[in-house]
**Q** 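Before we start, here is the structure in question, set down as structure tokens.
In what follows, chains are A, B, ... by sequence order, proteins preceding strands, each numbered from 1.
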Amino acid sequence: MGKVNMEELLNCALCPNICRCECPVLQATGREAVAPAGKARLAAMLQKEQLGWDEEVLDAVSHCLSCRGCTIHCPFAELSLCDELLNTRLVAKASGARLLQVEPYLANLRNYGSPYGQKSETAACGEKGAEILYYAGCTSLANNPASIEAARSLFNKAGLSYQMIEEDCCGYPAEIWGDEELARQLAAENLRKMKESGASTMVTGCPECWLTFTGHYPEWGLELPLEIIDASTYFLSLLEEGHLKPGQADMKEVSYHDPCIWARAAQKTAEPREIIGRIPGLELLEANSCGEKTRCCGGGAMFQLSYPDTAAAIARRRLGEFAENTAIVTACPFCREGLLQENRQVLELVELLDRTCQK
Amino acid sequence: MGHMKTILQQGKVKQAVIDKFVDKATGIVGADNISSGEIDLLSTCRDYWPVSSIWMLEGSVPALPQLVVWPQSTEEVSQILALANEKKIPVVPYGEGSGALGGAVPLQGGIMLDLKKMNRVRKLDALNQLITVECGMNGALYEEYLNRGGYTGGHFPQSLRCSTVGGWLACRAAGQFSTRYGKIEDIVVSLEAVLANGTIFRGRSVPRAATGPRADLLMVGSEGVLGVITAADLCIWPLPEKRHYATYTFDNLADGLEAIRKFIRAGTRPAVVRLYDAQETGNHFPELGDERPGLILLFEGAEPIVKAEAGVVNQIVSGHCAVDAGPDFVEHWLETRFNVSAASRLLQKDAVLDTIEVTTNWHNAYVVYQAMQKALLGVEGTMMASGHWSHVYPEGAALYMTVVGFPGEDKVGYYKKIWRVAMEACLAEGAAISHHHGIGLHRGAWMEQEHGQGLEVLKKVKAALDPNGIMNPGKLGLEEVQQWEK
Ligand SMILES: Cc1cc2nc3c(=O)[nH]c(=O)nc-3n(C[C@H](O)[C@H](O)[C@H](O)COP(=O)(O)OP(=O)(O)OC[C@H]3O[C@@H](n4cnc5c(N)ncnc54)[C@H](O)[C@@H]3O)c2cc1C
Ligand code: SF4
Ligand code: SF4
């Protein structure tokens, strides 16, 4: 990432918190310190050295999901508060301030290349040298191997060869927790493996990975050796080209939860809906806030690891925005994990698609 | 934070007293809902008073509290207040800090009672068109909740997205659609509140009652000095079937004002009536290409009523040589009406910007505008002083002045000056010193001139309801604040 843009940060620090209604962290905690402009004020004070780093300040400016909910109503088109907070946090390490609860996850990243620790299964599979590389991401590998199975099954049904590599974390968690050096090390390792794979296209189902590859790698001066495409766009193209044919759905209706990054950073709101729309007999029930106005599930910025209680509270609030007793489909391993509460049925889009596709 | 300068702090409560309070209060609200963390204190110590922003840029704060407490129920508020009262610890209720006059500054330290966790809808009573909502509910989320059920709350302050229902009631707020739906005091049917000693009391939600003065409604506009508003029954309306937009320009402001007076007198009630002076018309609607005062109108409701009202208004304004500029400017206003970006930008460029809203009767509506504009432009450093009328009544209107100045070093001195001349001009012409932002800290200095003996009555009410003076001390002009003179 870059330097803090002081003018934009101050624009925010001097704002009456117009977007506070859309900040899930504030809504879940009620703390002014973590309101969007509240965090910006602290960050601005840190920049101006009116405030020194300590655990309490670091904790407050880390209370950001990078969900970009604040951009919905923000009058400053150039401002990306979550990036300014990220840039702010990157200098905390030098001061010695630490978020103690993430230290074990950072150690996992260093030791195993995944915040979740030793991988229970190896990701490497498929056909070596295949054009398509499927990158699952640590969270799916650790928490929802079924979604990886579904993606692999879809490749097989479409008759396409694919490969998976022994993935290292994309670097996003390390960066979000202020260890840019580690993030870059992980990125370099990933890049090496991507190059070795010989693939020309990489499909990923994880929005955080996608954003890191497409947004942060270039900022770190890393050139990607392949084209990156999100899983929804990719599988939709397989449907459009007739490689996949969905059959009758085994349920009548689903709701779709737009993951923040797909919706607001990648503007991918139409593709998942098109996929759902192509499944015969399945009706889509929209959530109260949807599309680019979606609300975070609480899983952004690795909150499920760093602030599990807050993440769960945010998810509960989000669940209230869906029709009751309806299965929720999403396209992000964090969202699936977060929304799996209160006995809700939650599945990833690839899982839904795989269930209905015979071919 | 040790080096953070507190400019208006008037003392603090002894730490030993605070510690004892924390011991007991933790048992009431739970450890998660009480904080003495420096970051929480720093983040809850101010509102949107421009002076706080000026100081923030300089690395200072107006004053710091000693604790932040987040109650989750009326009972918790009651127990916390009773305990604070017993220990004589000041309590400042806090909504979302959008107050524009320093009302939430904890002058004497003590407790910031952050009410955001009291944000539930208790009941929606469709038949009686009522909703019971807790004080900490955010305005935009409140309206969103209602819209989902096919209703509107009819209350749209520009701060809708960053203010609470309790804050609206405490400050006697007015929304942009007030000409149709009324101000918050028209929308509230009854409320629930807690006094300094912990007494909980509620009004009854009947249409009206000749049962003496309403105790609960005394809290409307009390800005936290009499107690805490914990919940309210508010009127709601079905979402309007039809909307109609119209924009007109006039040769001069006096014509525009007269046209409005007449169509209100004729019984029409457009939801939005906003008449801008030429400067603001140019600023807000540059595409209009008309350097004259502009009036935007929004009608809503049942289609035949909307049609009839728009027809009557059109006929009346035509008699004042109004030029019909079509509906697009209202669309533009609707899209941009919550956009508050100028202040952030200007403050960084060493400007001072504020808005001063007053209210007056028709006979001198234009004169008050002229007098306030002249007074503001007369202060050295002022670059712009413009105005619009934003809320109208059969008996008069609210005037909203915006002033921008580049005063050089002494920004706070300039701020005090513009307010002094504006308030003096307003009072000299017989206008009232505030229409909807309230009094807070800064406007308290003119309360005596505003109320005369009435202020003594208010002081007696305060003394009776809050004998230990713990509730939001130094606000509403009930006590002098030594460090802050006009
Ligand atoms: C950009 C902007 C636009 C605005 N536009 C409008 C507008 O169009 N119309 C309008 O009327 N106002 C407007 N305001 C002023 C402000 O938003 C209102 O005064 C609002 O009602 C304050 O609500 P809050 O929740 O932010 O209260 P706060 O700022 O937190 O508190 C305001 C005062 O009320 C007291 N208080 C808060 N909650 C309670 C409670 N539950 N019980 C007792 N006391 C309480 C506080 O102690 C304080 O004195 C605007 C402000 C801004 C920044
Ligand atoms: S992100 Fe934008 S809208 Fe939100 S507080 Fe900052 S400046 Fe205001
Ligand atoms: S990105 Fe999300 S969590 Fe972060 S400040 Fe904006 S709305 Fe809040």
**Q** Name, in order of residue number, those residues of residues 57-82 of chain A that have a heavy atom at a distance of less than 4.5 Å from a heavy atom in chain B; otherwise write 'none'.
**A**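 The list, in residue order, reads A/Val57, A/Ala60, A/His73, A/Pro75, A/Phe76.
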
**Q** Could you grab the distance from atom CG of A/Leu26 to atom CD of B/Glu96, nearest 0.5 Å is fine?
**A**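 Reported value, rounded in 0.5 Å steps: 7.0 Å.
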
**Q** Any idea which heavy atoms bring A/Cys21 and B/Leu141 closest together, and the distance?
**A**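 The answer is O-CD2, 3.8 Å.
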
**Q** Counting only heavy atoms closer than 4.5 Å, note whether B/Ser98 contacts chain A via side chain, backbone, both or neither.
**A**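 For B/Ser98, there is no contact with chain A at all, as no heavy atom is under 4.5 Å.
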
**Q** Against chain A, label B/Asp40 side chain, backbone, both or neither, depending on which of its atoms sit under 4.5 Å from a heavy atom there.
**A**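 Backbone plus side chain of B/Asp40, per the 4.5 Å heavy-atom cut-off to chain A.
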
**Q** Please name the pair of heavy atoms, one in B/Ile39 and one in A/Leu51, separated by the smallest distance, quoted to 0.1 Å.
**A**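 Closest heavy-atom pair between B/Ile39 and A/Leu51: CD1-CD2, 4.3 Å.
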
**Q** For B/Gln158, is it the side chain, the backbone, both or neither that has a heavy atom under 4.5 Å from a heavy atom of chain A?
**A**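 Contact with chain A is absent: no heavy atom of B/Gln158 under 4.5 Å.
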
**Q** Taking B/Ser35, B/Ser43, B/Gly97 one by one, which has the highest count of heavy-atom pairs under 4.5 Å against chain A?
**A**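 Going by pairs under 4.5 Å, I would pick B/Ser43.
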
**Q** Under 4.5 Å heavy-atom distance to chain A, tell me which part of B/Ala343 shows up: side chain, backbone, both or neither.
**A**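 B/Ala343 has no heavy atom closer than 4.5 Å to chain A.
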
**Q** Sort by residue number and list every member of residues 28-47 of chain A having a non-hydrogen atom under 4.5 Å from chain B.
**A**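 Listed by number, the contacting residues are A/Thr29, A/Gly30, A/Arg31, A/Glu32, A/Ala33, A/Arg41, A/Leu42, A/Met45.
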
**Q** Can you name the nearest heavy-atom pair linking B/Ser344 to A/Cys15, along with the distance?
**A**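 Taking B/Ser344 first and A/Cys15 second, the nearest heavy atoms are OG-N, 3.6 Å.
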
**Q** Does NZ belonging to B/Lys117 count more than 12 external heavy atoms closer than 6.0 Å?
**A**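 Enclosed.
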
**Q** Counting only heavy atoms not in B/Lys123, do more than 12 sit closer than 6.0 Å to its NZ atom?
**A**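 No - once you tally the heavy atoms of other residues, nucleotides and ligands closer than 6.0 Å, there are 12 at most.
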
**Q** Using non-hydrogen atoms only, which part of B/Arg345 is less than 4.5 Å away from chain A: side chain, backbone, both, or neither?
**A**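 Both backbone and side chain.
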
**Q** I need the contact set between residues 6-14 of chain A and chain B: heavy-atom distance under 4.5 Å, sorted by residue number.
**A**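 Result: A/Met6, A/Glu7, A/Leu10, A/Asn11, A/Ala13, A/Leu14.
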
**Q** Drop me the distance from A/Gln50's CD to B/Leu57's CG, to the nearest 0.5 angstrom.
**A**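 That separation rounds to 8.0 Å.
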
**Q** Extract all donor-acceptor atom pairs below 3.5 Å that involve side chains of residues 312-324 of chain A and protein atoms in other chains or at least two apart in sequence.
**A**
unit_1, atom_1, unit_2, atom_2, d
A/Arg318, NE, A/His257, ND1, 3.0
A/Arg318, NE, A/Arg295, O, 3.2
A/Arg318, NH1, A/Ser289, O, 3.0
A/Arg318, NH1, A/Glu321, OE1, 2.6
A/Arg318, NH2, A/His257, ND1, 3.4
A/Arg318, NH2, A/Ser289, O, 2.9
A/Arg318, NH2, A/Thr294, OG1, 3.3
A/Glu321, OE2, A/Arg295, NH1, 2.7

